[in-house]
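Order of the sequence lines sets the chain letters (A, B, ...), proteins ahead of strands, with each chain counted from 1.
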Amino acid sequence: MTLHLPAIAILLPLLSAPICVAVRHALVTRLLTVAVGWGSLAVSGELLRQALSGAPIHYELGGFAPPLGIEYVIDTTTGYVLVIVSTIAAVVFSFGATTRGAALPAGREHLYYGAMLLCLAGLLGMTITGDAFNVFVFLEISSLSSYALIGLGQDRRAPVAAFSYLIMGTIGGTFFLLGIGFLYQATGTLNMADMAERLASLHRSRTVHVAFGFLTVGLSLKLAVFPLHQWLPNAYARAPAVISAFLSATATKVMYYVLVRMIFTIFGATFVFGKMGMDMALVPLSLGAMFVGSLAAIFQTDLKRLLAYSSVAQIGYMTLGLSFNSVNGLTGGLAHLFNHALMKGGLFLAVACLVYRVGSSRLDDLAGLGKCMPITSAAFVTGGLALIGVPATVGFISKWYLVLAALETGQYLFAGLILLSSLLAVAYVLRVVEVLYFKAPKSPDVREAPVSLLLPTWILIGATVVFGLRTELTAGLARSAAMQLLGAGS
Amino acid sequence: MSTFGLWHYWVVIVLMMIGLYTVIARDNLVKKVMGLNLFQVSVIMFYVSMGKVEGGTAPIIPEQASGPVVYSNPLPHVLMLTAIVVGIATTAMALSLVVRIRETYGTTEEDEIRKLDRAEHE
Amino acid sequence: MIELFPDLPVGYLVMLGALLIPVVPRRLVGPYMLALPVLGLVQLWSLPLGHTVDLSLAGLEIQPTRVDRLSRIFGTIFHMAALLGALYALHVKDRLQHVAALVYAGSAIAAAFAGDLISLFINWELTAISSVFLIWARRTERAYTVGLRYLVIQVLSGVLLLAGAISWYAETGSLAFERMELSGIGSWLIFLSFGIKAAFPFLHNWLQDAYPEATVTGTVFLSAFTTKLAIYALCRGFAGTELLIPIGATMTAFPIFFAVIENDMRRVLAYSLNNQLGYMVVGIGIGTEMSINGTAAHAFAHIIYKALLFMSMGAVLHRVGTIKAAELGGLYKSMPLTTVFCMIGALAISAFPFLSGFVSKSMIMTAAADEHYTITFVVLLFASAGVCDHSGIKIPFFTFFAHDSGKRCKEAPINMLLAMGTAAALCVLIGIFPDYLYALLPHDVAYNAYTVTHVVTQLQLLMFAGLAFGVMMRAGIYPPELNAVNIDFDWTYRRAIPALWSQLRTGLVVADQTFRRDYLARTASLLVSGSRETYSPKGRMGEPWATGPSSLIAAVLLGAFLLLYYF
Amino acid sequence: MTSETLILLSLLAPTVGALLVSLTGSAPNLRESISTLATLVTFGAVAPLTPRVLAGQRPRLDVMEVLPGVDLAFEVEPLGMLYALVASGLWIITSLYAIGYMRGHNEQNQTRFFVCFALAISAALGIAFSANLFTLFLFYEVLTFSTFPLVTHHGTEKAKQAGRIYLGILVTTSVCFLLLAVVWTFQLTGSLEFRPGGILAGKASGSTLTALMVLYAFGAGKAALMPFHRWLPNAMVAPTPVSALLHAVAVVKAGVFTILKVIVYVFGIETIAAGGHSDWLMWVASGTLLLASLVAITQDNLKARLAYSTISQLSYIVLGGALATAEGVLGGGMHIVMHAVGKITLFFCAGAIYVAAHKTEISTMNGLARRMPFTMTAFTIGSLSIIGLPPFGGTWGKWYLGLGAARGDNHLFIFVLMLSSLLSIGYLMPVVLRAFFRPPDPESNSHHGEHADEDSGSQHASHKGGRHEGIQEAPLLCVGPLCAAAVGCLVLFFTSDQILQLLLPITTGAR
């Protein structure tokens with residue numbers, strides 16, 4: 001059993017999805033989804049434990065040996081991301097009002113759960129696979145299901161947002177596919193480990209250069225790197241808040257993971273930063289994301305879109321950490337992966353609580369809710385503090401490593417800019433706080449959200465504080481992952 | 001090989017450009033989907049042509065195997081089976097979204113949809 | 001002899017006792033106030049010479065009391081002045097004034113016994129704080145501003161003392177208040193601090209500014225303590241500092257001109273106070289045993305007759321309501337006793353033989369002559385004549401005689417008369433029996449004021465001064481008493497500096513506001529409105545782009561990447 | 001109890017108090033009993049630490065390692081002990097005062113007020129006991145955010161605007177400068193611990209140290225060094241107890257405390273003195289000190305005037321640190337206490353005046369002492385202490401600061417201190433003068449003539465006192481604490497020896 005855990009991790013959600021569709025019973029599918037969520041978490045946790053205790057796990061799917069067969073590889077980084085994704089999945093799936101806010105006719109909830117499970121399967125698959133083309137396949141699985149999920153939003157603009165996402169996502173995915181094609185052409189293999197081996201002697205090949213170009217742009221599109229982020233704000237804003245919570249906490253994170261894999265495992269840091277000067281491109285884009293995203297967030301009138309723009313900025317932090325090409329920088333980036341997943345997941349769930357009671361996420365409609373929904377509002381404030389990067393929250397940990405990396409490499413300006421941009425977070429969080437606490441309520445008889453909603457919200461929000469103080473699991477793991485990646489890459 | 005010797009690449013590039021241009025320049029959502037399809041097809045073409053070995057046969061082991069047989073690389077072709085499925089799924093998804101958009105907005109022109117959104121917003 | 005309260009620093013009896021005045025039953029306030037200085041005096045004399053009180057405060061060893069002959073004579077006269085002042089003020093109902101006055105007196109006494117710079121500073125500041133209430137208690141608009149000005153200058157003196165003490169401590173590691181040389185920055189600061197309170201030239205204006213604005217009774221207290229405390233401090237710290245001689249000489253001479261033309265009688269007295277201080281400063285500067293004795297004796301005598309003069313003028317102000325020379329005259333009919341007492345005081349300050357001024361001032365003059373400070377001696381001589389002119393003659397003449405102003409009033413209240421009478425008696429007693437005073441002096445003396453030459457010279461001088469006054473009055477060239485404000489050095493801080501300051505402030509405020517409004521606020525609002533335009537949901541960056549441009553940017557970026565990588 | 005328990009208790013008592021207060025919001029009496037009980041327990045936990053610190057112990061509590069080399073840990077050293085004593089001690093009387101004030105004034109959202117207040121104290125104690133820069137920074141930020149709702153308490157547009165400025169400046173400086181400096185220090189030394197003699201010595205070039213000094217000095221925005229002082233006057237929209245304890249004691253002292261602590265334990269006095277890294281800071285502090293005093297003179301709003309006075313007084317402490325001499329640091333530490341007690345007296349009085357007479361502008365306070373003799377007497381005492389006149393505590397702070405300047409051969413700064421004393425007369429004494437000597441305004445008193453003569457003036461005073469409504473003091477819970485604070489000013493003058501004994505060890509090794 002434990003031998004096949006890597007396969008189980010993927011098959012569990014992948015097979016549950018059609019079961020959901022087949023069963024067609026709301027409660028049963030719901031319970032199944034929750035069970036799969038927590039099951040995935042258990043499997044991921046075990047995989048991470050195994051990866052930590054020894055060498056990376058190599059699993060040959062169906063017994064076909066690579067390079068012909070598809071291989072699943074789980075090292076520290078993989079296990080780390082698996083845990084993040086499945087944690088978020090488990091918590092979000094447990095969130096009480098999952099289908100609330102989705103435009104589903106009664107009796108069709110099973111489709112929704114199916115899509116969720118498929119999305120999870122795609123995300124886990126992308127992480128776990130050691131085969132480049134397989135990444136594309138899982139990417140499309142998760143993307144297609146997320147288009148569907150976003151399109152489910154009650155908001156009539158939801159399909160439009162989903163459509164935009166679809167166009168951009170497909171372009172990104174296709175670029176990615178093309179990139180893999182070029183790589184295959186240059187190396188003759190699709191197995192990542194083999195690719196890395198063969199690419200070592202192909203640094204001057206133009207095919208490889210072109211492949212790199214397509215791959216980076218394709219991934220950047222899916223990752224929503226500034227200025228390729230245009231699909232993201234509406235996608236998150238129009239989707240049901242729970243979906244936003246799930247997607248914002250997982251989808252971009254996995255894409256970041258794929259980017260990291262590509263840079264450090266396939267191409268190698270020497271090639272990417274030394275030969276291609278990736279940092280030259282990534283740094284301005286990251287800074288752009290940090291400032292444009294935060295500034296746009298300040299002026300938003302819709303809470304979900306505010307958070308979505310904040311995500312754009314946060315992605316900037318992650319890519320900036322990447323661009324430092326140092327242990328601390330990558331630690332910061334990877335730690336922020338986890339940390340941002342927790343905060344954004346928690347924040348979107350808090351918004352989902354608000355929407356559950358008020359029916360809108362427009363700031364004007366949320367006035368004075370601090371009094372009516374104190375627990376939800378407190379969750380939002382705590383998450384907001386984490387976004388700002390107040391010490392004792394996870395946001396601080398990532399910021400710490402990023403600034404440390406900037407100082408280490410002598411880039412004092414970036415250190416200042418990182419800190420400066422986090423101030424913009426103060427501005428947009430403050431705006432929400434003012435609306436929640438210092439405005440007269442519109443309808444004073446709003447009740448607090450039910451426990452089944454509050455509990456998952458507070459699990460994530462509480463985690464932002466707990467992991468802000470106990471960092472072995474986040475920054476510690478991120479650090480050993482970063483060391484492994486950099487050690488392997490150079 | 002001359003530049004024209006790689007004519008299949010040129011086909012790929014032209015197809016791709018047409019597809020991308022359609023996505024960029026057309027406001028009609030259906031046309032965008034069509035552009036996207038073209039774009040995807042170009043990639044499929046690219047893979048298929050990549051796997052083709054000049055003079056190669058289909059990658060089936062002949063019954064009387066006498067010495068090495070030149071055959072096309074089957075792997076890219078296999079991969080494209082998946083890619084085609086993905087393309088179909090994407091198109092289906094896109095079109096179903098367009099249907100829903102059309103139902104609520106009464107139009108499939110992107111600029112008009114944005115205008116309507118903005119009007120509602122204000 | 002039994003030591004009374006040996007652990008209580010001298011002066012604190014009066015100071016702390018004063019704080020209880022608000023809770024003393026109304027009928028007992030008078031006796032209580034009189035008892036305090038008496039008790040204090042008894043305590044002082046019960047303590048042997050060389051008695052000290054030592055304390056540790058804030059990590060510093062301090063000595064709030066050190067009894068020696070110099071401090072004892074000043075302590076004695078301060079107690080006496082407090083008693084006289086309290087007697088004079090008995091009729092006042094405002095207890096705040098009583099508290100302030102006695103705290104003031106007590107802290108001045110305590111300062112005279114301070115064995116170290118810290119306790120000196122503490123009491124120095126206490127005199128400043130408490131005395132200002134005597135000015136504010138006048139409750140006139142002018143008194144408020146004057147009081148504030150006075151307080152600032154007094155505290156300035158205090159903080160200079162503190163700064164000096166700090167520097168002195170840093171330089172020498174000692175806090176003891178002993179004789180010091182004008183060498184380091186510390187001693188100069190301390191010197192300057194003393195100088196302000198002693199009303200050195202150009203540092204003197206607070207005196208003429210504030211004293212005439214205090215309450216009737218307050219001025220009596222003020223005239224006794226602040227400046228004489230400074231004289232004591234100079235005596236202790238800077239005896240024999242030659243610089244003091246020219247300073248003192250100047251002080252004796254220049255106030256005469258202002259005193260002659262001044263209209264406000266209490267201000268005339270303030271100028272003459274300044275002039276008298278000059279004698280003492282000269283005495284300190286000379287620094288011989290004789291001159292120090294002279295200074296101490298003069299301070300002793302001076303406190304009494306100056307208090308007497310201020311009391312008599314106060315009585316007039318109390319009854320008539322004005323103290324402008326131009327509005328007074330012929331009051332001798334209404335206030336005969338006051339007139340007599342005033343005359344005694346005036347003669348005493350003019351150093352008329354057989355009155356206290358004569359026996360003390362002559363010591364300083366003699367000391368100057370002995371040490372061959374000829375110019376100084378001449379200046380002092382001239383000043384003596386001047387004093388006679390403005391204090392000895394002008395004050396009583398314009399107030400009680402001269403042209404009759406037609407004002408009629410009651411004689412001064414009984415407690416005032418008593419106080420004045422006591423002071424006048426003391427003037428006469430000291431004048432006739434100077435040996436009692438001499439016995440108190442810091443050094444043993446063998447001095448006889450009543451030599452024939454001395455008496456004759458002094459009388460001649462006084463005659464000539466009187467003659468001059470008479471001739472000038474007859475000839476009509478004596479400066480008329482006009483209701484005018486005379487311009488003194490204080491113009492600089494009362495007019496010029498405030499004007500400059502308000503100019504500067506307006507300028508600063510304008511600059512600041514311009515900077516804020518035109519620069520900061522505009523930049524900020526530009527930034528905000530600019531970002532709002534760009535980043536709000538209606539702006540370019542605040543709303544997601546349509547798929548067309550989004551794809552375009554993706555394509556452009558790809559192209560850029562490819563171009564970059566390809567070449 | 002062990003020292004660890006005491007540290008933990010002192011940090012948890014306010015937090016638990018806050019929690020209980022938030023749960024008992026509907027029962028004001030119970031709520032306020034709990035609030036008061038929390039103050040007593042907190043002080044009861046802080047006070048027993050003092051003799052141990054005096055005896056040379058350095059009680060330590062390691063909570064957890066957050067990142068490698070970055071711990072959440074507490075250690076009680078003299079400077080922190082002093083700050084903790086001040087904050088927790090004054091919290092007791094402020095808590096009583098706040099009850100009187102908030103009730104006397106019928107404020108809204110009292111529960112939120114008491115909760116945030118307790119949290120702020122907890123944060124202040126966390127700052128005081130922090131064993132390293134990370135812990136300090138953590139609680140520094142907690143303090144910022146927990147006081148924000150107190151500033152915006154009234155929820156008016158003005159309060160919100162003030163809150164924005166408050167948070168804006170404090171967070172900007174702390175994040176952009178302080179955090180940067182902390183990370184930089186960590187990058188240079190690999191440690192964040194506060195260690196006697198400093199951790200930076202020999203770890204970086206002179207210019208780097210100066211740059212770090214700049215970052216730390218301005219990073220502690222709560223110290224209100226110009227030009228990052230604007231939050232303080234803005235914060236005055238908060239209810240007066242907030243201004244009194246937080247914006248005159250806990251918050252602002254957290255800023256100067258940080259600067260002092262960094263100077264003593266991160267740089268080391270020796271290092272700074274030898275390298276002259278804080279020379280520029282002396283000038284900035286002096287400039288702030290004088291300019292703020294000048295601005296204070298022009299303010300008519302009493303709280304605004306006090307706020308600018310606070311800015312000026314804070315710079316005394318910063319100057320003390322910048323002088324980088326043993327005496328200067330001692331003076332700075334002492335002035336933390338002296339100014340805290342003096343200023344809290346003044347703010348209490350301002351609040352009492354507001355509650356009892358509804359006056360905020362100084363120009364309307366004529367003759368107020370007749371109605372509020374206790375309040376105005378306390379105000380006078382507080383003023384004298386702030387000016388630095390004996391026999392009040394403020395004297396000693398100034399003495400040691402001056403001595404620090406003299407020892408460091410910076411005589412110029414003695415004059416700055418002295419000049420500032422004079423200016424402080426200029427902005428504090430007019431209030432006393434108005435209240436005690438000017439006749440009440442005609443609007444509150446129908447007619448009064450010109451009484452130039454002092455005798456009739458004094459009769460007039462008593463007469464008027466009788467005719468006026470008589471004594472109208474604020475509630476007892478307001479007047480009691482403010483009188484206690486005033487007495488404190490006096491007591492501190494005589495007990496400064498103990499403070500000195502406590503502080504002396506921090507300067508060992510300095511010249």
Q) Is it true that atom OH of B:Tyr21 has more than 12 heavy atoms of other residues, nucleotides or ligands lying nearer than 6.0 Å? A) no
Q) Is the side chain of B:Tyr47 donor-acceptor paired with the backbone N or O of A:Leu177 at a distance under 3.5 Å, no angle test? A) yes
Q. What part of A:Val160 is in contact with chain B, defined as an atom under 4.5 angstrom from a non-hydrogen atom: side chain, backbone, both or neither?
A. both
Q.
Does any backbone or side-chain atom of A:Phe214 lie under 4.5 Å from a heavy atom of chain B? Answer side chain, backbone, both or neither.
A. side chain
Q: Compare every heavy atom of B:Thr90 with every heavy atom of A:Glu140, then report the nearest pair and how far apart it is.
A: OE1-OG1, 4.4 Å
Q | Residue A:Ile141 versus chain B: region with a heavy atom under 4.5 Å | A | neither
Q. To the nearest 0.5 Å, how far apart are CD1 in A:Ile167 and CD1 in B:Ile24?
A. 11.0 Å
Q. Is it the side chain or the backbone of B:Leu79 that comes within 4.5 Å of chain A heavy atoms, both, or neither?
A. both
Q: Search all heavy atoms of A:Tyr184 against all heavy atoms of B:Pro76 and return the closest pair with its distance.
A: CE2-CG, 3.7 Å
Q | Top contributor to chain A contacts, counting heavy-atom pairs under 4.5 Å, from B:Leu29, B:Thr82, B:Ile113 | A | B:Leu29
Q.
I need the minimum non-hydrogen distance between A:Arg156 and B:Thr104, along with the two atoms involved.
A. NH1-O, 3.4 Å
**Q.** Interatomic distance, B:Leu20 atom CG to A:Phe175 atom CZ [nearest 0.5 angstrom]
**A.** 5.5 Å
Q) What are the two closest heavy atoms between B:Arg100 and A:Gly153, and how far apart are they? A) NH2-O, 3.9 Å
Q: First locate atom CZ of B:Arg114, then atom OG of A:Ser164, and finally report the distance between them rounded to the nearest 0.5 Å.
A: 7.5 Å
Q: Let me know if A:Phe136 has heavy atoms under 4.5 Å from chain B in its side chain, its backbone, both or neither.
A: side chain
Q: Take B:Lys32 and A:Phe163 through the test side chain to side chain contact (heavy atoms under 4.5 Å, CB included) and record every step on the way to the result.
A: CA-CA 10 Å; B:Lys32 273 185 195 289; A:Phe163 186 83; 4.1 Å; yes
Q | Residue pair B:Phe39 / A:Ile171: nearest heavy atoms and the distance that separates them | A | CE2-CA, 3.8 Å
Q | Contacting moiety of A:Tyr147, where chain B heavy atoms sit under 4.5 Å | A | both
Q. So, for A:Gly151 and B:Leu97, which heavy atoms are closest and what is the spacing to 0.1 Å?
A. CA-CD2, 4.2 Å
